[in-house]
**Student:** 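Here's a structure for you.
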Amino acid sequence: MLRYGQQVTEAGRRRLPRRFYERDTLVVARELLGKRLRHGEVVLGITEVEAYCGPDDSASHSRMGRTQRNAPMWGPGGRAYVYLCYGLHQMLNIVTEREGRGAAVLIRACEPVAGLETIRARRRGLSGPEALAGPGRVAAALGIDRSFNDHPLYRAGGVELLDGPPPQQVLVGPRVGIDYATPSDCRRPWRFALAGSRWVSRPRAGLRAG
DNA sequence: TCTACGATCTTT
DNA sequence: AAGATCGTAGAT
């Protein structure tokens, strides 16, 4: 039975508690696959992510220490870090670990679960994988921009992260678009995707069972 | 101030 | 293959 005041969510799924996020970034990244992102009537299932593991990770925005842009990354886990890329695209990250760690997980692709009409409107009529495969596309479909910086995903209202079916098989591979990082960090298999999903961004080459 | 460029996407 | 488009970070 639902208690008074408890929110009814898509398919009865529950918001994840703060402690879900305050763990090792690679563990959280993997477990984010299959979880639901909800914003109003739009519900997406996460199909692809990348882990950015703090200032020692030369691919991470936190590599240069705390700045105005990356400030949300240094906060406690469970909040959003949204930044503008190439002057055009909003990138949604989920902050992980404890306050001061500077780690986050980039949401790279999702599949639609609910609100397809809204998604289609926001994506200019697109509804196949080209609508949600790619980090800029995910934020656009969810209706998220930088005003959602620091937004807590474990609280009711706005954007929420809900439980979802655990992934069956996971693919791993090197992260995309980080040629500025050291060669060893470029090679780290910190990109995770749901095996067999059509809703995975390019390039798909380099993803292997893991 | 000035400059270079980016965890990308769309169109040609 | 190249253009869009602008905030950020580091240099001046």
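FYI, side chains are in, hydrogens and waters are out, and symmetry mates aren't considered; it's all heavy atoms of this structure. Convention: sequence-line order gives letters A, B, ...; per-chain numbering from 1.
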**Student:** If you look only at pairs with a residue in residues 45-56 of chain A, which of them pass as a side-chain hydrogen bond (donor to acceptor under 3.5 Å, both in side chains), with sequence neighbours excluded?
**Tutor:** A:E48-A:R108, A:E48-A:R191, A:E48-A:S201, A:E50-A:Y52
**Student:** Hey, mind stepping through A:F192 and A:L33 against side chain to side chain contact (heavy atoms under 4.5 Å, CB included) and telling me if it holds?
**Tutor:** CA-CA 8 Å; A:F192 303 92; A:L33 295 175; 4.0 Å; yes
**Student:** So what does A:R202 touch, heavy atoms closer than 4.0 Å: a base, only the sugar-phosphate, or nothing?
**Tutor:** nothing
**Student:** Using the P atoms only, state how far C:dT5 lies from B:dC2, rounded to an integer number of Å.
**Tutor:** 23 Å
**Student:** Do A:R79 and A:M73 come within less than 4.5 Å of each other through their side chains, counting heavy atoms only?
**Tutor:** no
**Student:** Starting at the 5' end of nucleotides 5-12 of chain B, put B wherever the base has a protein heavy atom under 4.0 Å, S where only the sugar-phosphate does, and a dash everywhere else.
**Tutor:** -BBBSSS-
**Student:** Could you report the tightest heavy-atom contact between A:A141 and A:I119, atom names first, then the distance?
**Tutor:** CB-CG2, 4.1 Å
**Student:** Taking C-beta and beyond as the side chain, do A:L44 and A:L132 meet within less than 4.5 Å on heavy atoms?
**Tutor:** yes
**Student:** Please tabulate the protein-to-nucleotide N/O contacts below 3.5 Å involving nucleotides 10-12 of chain C, giving atom names and distances.
**Tutor:**
none

**Student:** Determine, stepwise, if the pair A:Y83 / A:R69 fulfils side chain to side chain contact (heavy atoms under 4.5 Å, CB included).
**Tutor:** CA-CA 7 Å; A:Y83 71 93; A:R69 176 177 68 161; 4.1 Å; yes
**Student:** When the P atoms of C:dA1 and B:dA7 are considered, how many whole Å apart are they?
**Tutor:** 23 Å
**Student:** Does any nucleotide pair with C:dT12 by Watson-Crick or G-U wobble geometry, both distances under 3.5 Å, and what is it?
**Tutor:** none
**Student:** Yes or no on side chain to side chain contact (heavy atoms under 4.5 Å, CB included) for A:V28 and A:I94, after CA distance, side-chain angles and deciding distance?
**Tutor:** CA-CA 10 Å; A:V28 177; A:I94 297 177; 5.8 Å; no
**Student:** Under 6.0 Å from the ring centre and within 45 degrees of the ring axis: does the NZ or CZ of A:R23 meet both conditions for the six-membered ring of A:F20?
**Tutor:** yes
